[in-house]
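Below is one structure, written out as structure tokens; the observations come after it.
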Amino acid sequence: MSNRLTALQKVLLSFLLLAFIGPFLPLALASVSFRWGWPDLLPSIWWWEKREAARLPLAWDYVLDPVSRLLPALQNTVLIAALVTVIALVLSIPAARILARQKFRGKNAAELYFALPLIVPEIATGIGMFLIFLQFGVQGSLFTVVLAHLVPILPYMIRMLTSVYQELDGGMLDQADLLGASKMQRFRYVELPLILPGILAASLFSVLISTNVFLLTFYMGQGQVETLATLLFAKVSSGGALDPVAAAFTLIITLPGIFFLGLTARSLKDDVFAGGLDKG
Amino acid sequence: MKNRTSFSLSVIAGAMLAGTALQSAFAADANTENFRQEFLNGKLSWEDVEKRAREEGTVNWFHWGGSEELNAWIERHVVPKMKEKGITLKTTRIAGTREAVDLVLTEKQAGKGPGEGTVDMIWLNGDNFYTLATQKALFGSFADKLPKSVNFEFDPKVPASQLNLSDFGTPTEAREMPWSGEQYVCYFDTSRLTREKAPKDFAGLEKWLGDNPGRFTYVKPPHYIGNTFVQTVLYAHNPKGNGFKEFQRPLSSFSAEEFAALIKPGFDYLKRIEGNLLGGGKAVYPQNQAANQSLYNNGEVDFACEFGLYLVASKRESGAFSETTETLAFPASGMIKNKNFLAIPENAPNPAAALVLANIMSTVELQISKLQEIGYPLGVDLSKLTDADKAKAADAAPSHHGVSAEELGSLAVADTNASLVKVIEKVWIAYIERQSQKPFTEIVKDAMKAN
């Protein structure tokens, strides 16, 4: 088979690229504009033309100034996403393992139960948790936000890892047993490398969900924990035009996701399967 | 305070208020409650308050955070001033003031008394204040007990005191500190519309819309910007001829028939102009002031109205409005003016620090800086300032662009009583938006009942 793309494939590929990158172009332009009104195709006055004259920081000057609180929000977002993902993995791997491999009474019910958070609206979960925490006198903090994010993330995580385990060839594990591997060795050297691509994919999901959840973050943080999502929401919820600052925030909020996507894409490209077996 | 109707869940707050199952047994923080009583009863000196404020160390201020100019001004001017007093000012930028009000009420409902809440201060006015007042969730009458109270007219015999003593018809009783003032104004682009041709009153607007169909619209009630436009129309069409005055009465003093007769001419006017509003027969009402500004900037409407005496100046400076945008004094029948305030919730965790913040915000220095840097009008009353400060304030004020302060001042009228606003917005939704065919009195009756 030839590696050259046909004309149709090229057209489709460019279309796909356009669909992915296209929306970012007006954002990038808006973020460096001073005035960009209809019917101008490009901003009529650019941000840098007015920078010096402005009394208060404009566009990127505002975004990068400590007053915008971008850095703490970015730190919170990354920290929360990382914590949520690690905790979710620790909880989901054993659950997925059992659901995929064992047959037991009430298994269907358990699966349905794990999927429930997907059915219950986020707002109901958020208010419910908020009231419970309030009753116990727990203040809004990073910790409460992490707990809240686990609610929508765990069902996805368990689902994805369950199907990963279902596709895992049990014979491989039996073979490790036969060759005298301990349970830990078997998990570390055989099972983990085999499910690693699945874990990465599930983690990607977890990070993407966590960075984008607004309602739960707002409620469980009691408005005190600022993340990129709450920052952007406070900025754009007043509606109307996409001003330079909102555009810049929107560009930045995509960064954690893009970064992690790049990271997982790289890891998935390496031959984790063979690499893992080699170490054994 | 800008965005009073926010996405944030007033519905849920209502549900939570209804649920009493969560009344748990938190004892109020005795020490803080003691402080509150002593301060409100005038037993503490200002030094005592400042000392306690230093011990508290922080103050949490919740304010509408949608304006970069305001955020930057607070960070550069207010934070350092509080630092000098040994207090860290932490601001929470909310999308709508309702969020902070809901938080306070939810906490109160969960049994969090004085000293046990999260919010020390909220920037608000109108129905948010009304809600906190009716739920008895306010700290108390503090505003007349601060050293800088001298900058405000609180004497009910002086007419200027009205804006400080009444917030949309709710008596403030010094439970909130005036912080800034606003007036409903319109803005237009002189490159698209000349000042001579621009409408001056509602009759003029109707005629102008006939010649220029689709070139104007107003923000959709129940957003407060839209409500205010409707109120202005009702004032102008008041059949009793006493304009805004009739609308200062509380709802309880009206029968449905009387109120229907009062607002019918105004609503008929709104119905008449609807076909000529933006949208080519099917009127388009923007959701909020930002959406309205977009319509204006994109050339879809020729002028638009919202609160903002210095809006044109600050938007020209930030690039949002063109250099040909000017202020329009419309309508000649009266432009609604009000103040907005700083309130301390009953369960504020750092009430002494909040009092210090309220005091600092009322200094002539910060008031003038706020006016000069970001175009937020004075909350303090000019009549109470020294001549030197008056001159400074006059120098600091940005231009209104095209109209004089005197002209705008002469057209200012009071806001509508908060209890009427809710009924008016419900009538608008039924009569204009849903095109209810019921007799008008029935619509008004339903709206009053639902209240």
Side-chain angles (χ1 to χ4, degrees), chain A residues 33-40 43-47 49-50 53-59 61-63 65-69 123-124 126-127 130-137 139-140 214-215 218-219 221-226 230-231 233-246, chain B residues 2-3 6-9 12 15-16 19 22 24 26 60 62 64-69 71-76 90 92-96 99-100 103 106-107 109-112 116 118-119 286-300 317-323 372-374:
Chain A
S33 69
F34 179 78
R35 175 156 322 111
W36 192 10
W38 188 88
D40 303 327
S44 53
I45 307 178
W46 298 89
W47 152 60
E49 295 172 47
K50 290 283 179 178
R55 219 183 329 229
L56 293 160
L58 292 174
D61 284 330
Y62 177 84
V63 174
D65 190 289
V67 72
S68 73
R69 301 195 188 152
I123 193 158
I127 299 288
F130 177 57
L131 285 179
I132 291 169
F133 278 48
L134 208 61
Q135 211 174 5
F136 287 115
Q139 295 288 321
F214 164 73
L215 267 183
F218 178 75
Y219 263 93
Q222 296 186 7
Q224 304 282 33
V225 179
E226 268 176 343
T230 62
L231 213 59
F233 184 80
K235 176 66 203 146
V236 299
S237 65
S238 47
L242 189 68
D243 68 27
V245 173
Chain B
K2 300 252 160 168
N3 189 0
S6 90
F7 156 82
S8 126
L9 330 168
I12 289 111
M16 287 188 285
L22 284 150
S24 49
F26 284 110
N60 303 314
F62 283 57
W64 174 72
S67 153
E68 283 88 51
E69 293 90 6
N71 297 346
W73 179 79
I74 292 171
E75 215 62 36
R76 292 186 180 187
K90 285 193 188 154
T92 301
R93 296 169 191 162
I94 43 181
E99 284 168 18
L103 185 58
T106 314
E107 285 176 342
Q109 200 58 30
K112 300 223 168 186
E116 299 174 330
T118 340
V119 185
Q287 291 293 334
N288 51 41
Q289 62 270 55
N292 206 12
Q293 286 172 16
S294 290
L295 292 175
Y296 168 78
N297 279 328
N298 291 337
E300 291 183 70
E317 190 164 332
S318 74
F321 285 171
S322 64
E323 278 70 30
Q372 185 163 29
E373 302 264 327
I374 53 174

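Labels below follow one simple rule: chain letters A, B, ... track the order of the sequence lines, proteins then strands, and each chain is numbered from 1.
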- Task: Can you tell which part of A/Ser68 gets under 4.5 Å to a heavy atom of chain B, answering side chain, backbone, both or neither?
- Result: backbone
- Output the distance between atom CG (B/Leu103) and atom OH (A/Tyr219), rounded to the nearest 0.5 Å. 9.0 Å
- Item | B/Gly319 versus A/Arg35, closest heavy-atom pair with distance | O-NE, 3.1 Å
- Message: Under 4.5 Å from any heavy atom of chain A, what part of B/Glu373 do you find: side chain, backbone, both or neither?
- Response: both
- Task: Pick one of side chain, backbone, both or neither for A/Asp65, based on which atoms fall under 4.5 Å of a heavy atom in chain B.
- Result: side chain
- Output the option from B/Pro286, B/Ser318, B/Gly299 having the highest count of non-hydrogen pairs under 4.5 Å with chain A. B/Ser318
- Task: Sort A/Tyr62 into side chain, backbone, both or neither according to what part of it lies under 4.5 angstrom from a heavy atom of chain B.
- Result: side chain
- Task: Kindly compute the distance separating CZ (B/Arg93) from OG1 (A/Thr230), expressed to the nearest 0.5 Å.
- Result: 10.5 Å
- Item | Segment of B/Ile374 engaging chain A (4.5 angstrom heavy-atom cut-off) | side chain
- In terms of heavy-atom contacts, A/Val67 and B/Asn71 come closest through CG2-O, 3.4 Å
- Item | Which portion of B/Phe321 sits near chain A, non-hydrogen atoms under 4.5 angstrom | backbone
- Task: Please state whether the side chain, the backbone, both or neither of B/Glu69 comes within less than 4.5 Å of a heavy atom of chain A.
- Result: both
- What one should report as the nearest heavy-atom pair of B/Glu317 and A/Phe34 is O-CZ, 3.5 Å
- Nearest 0.5 Å, what's the CG-CD distance between A/Asp61 and B/Glu68? 12.0 Å
- Query: With only heavy atoms counted, which part of B/Glu300 is less than 4.5 Å from chain A, the side chain, the backbone, both or neither?
  - Reply: neither
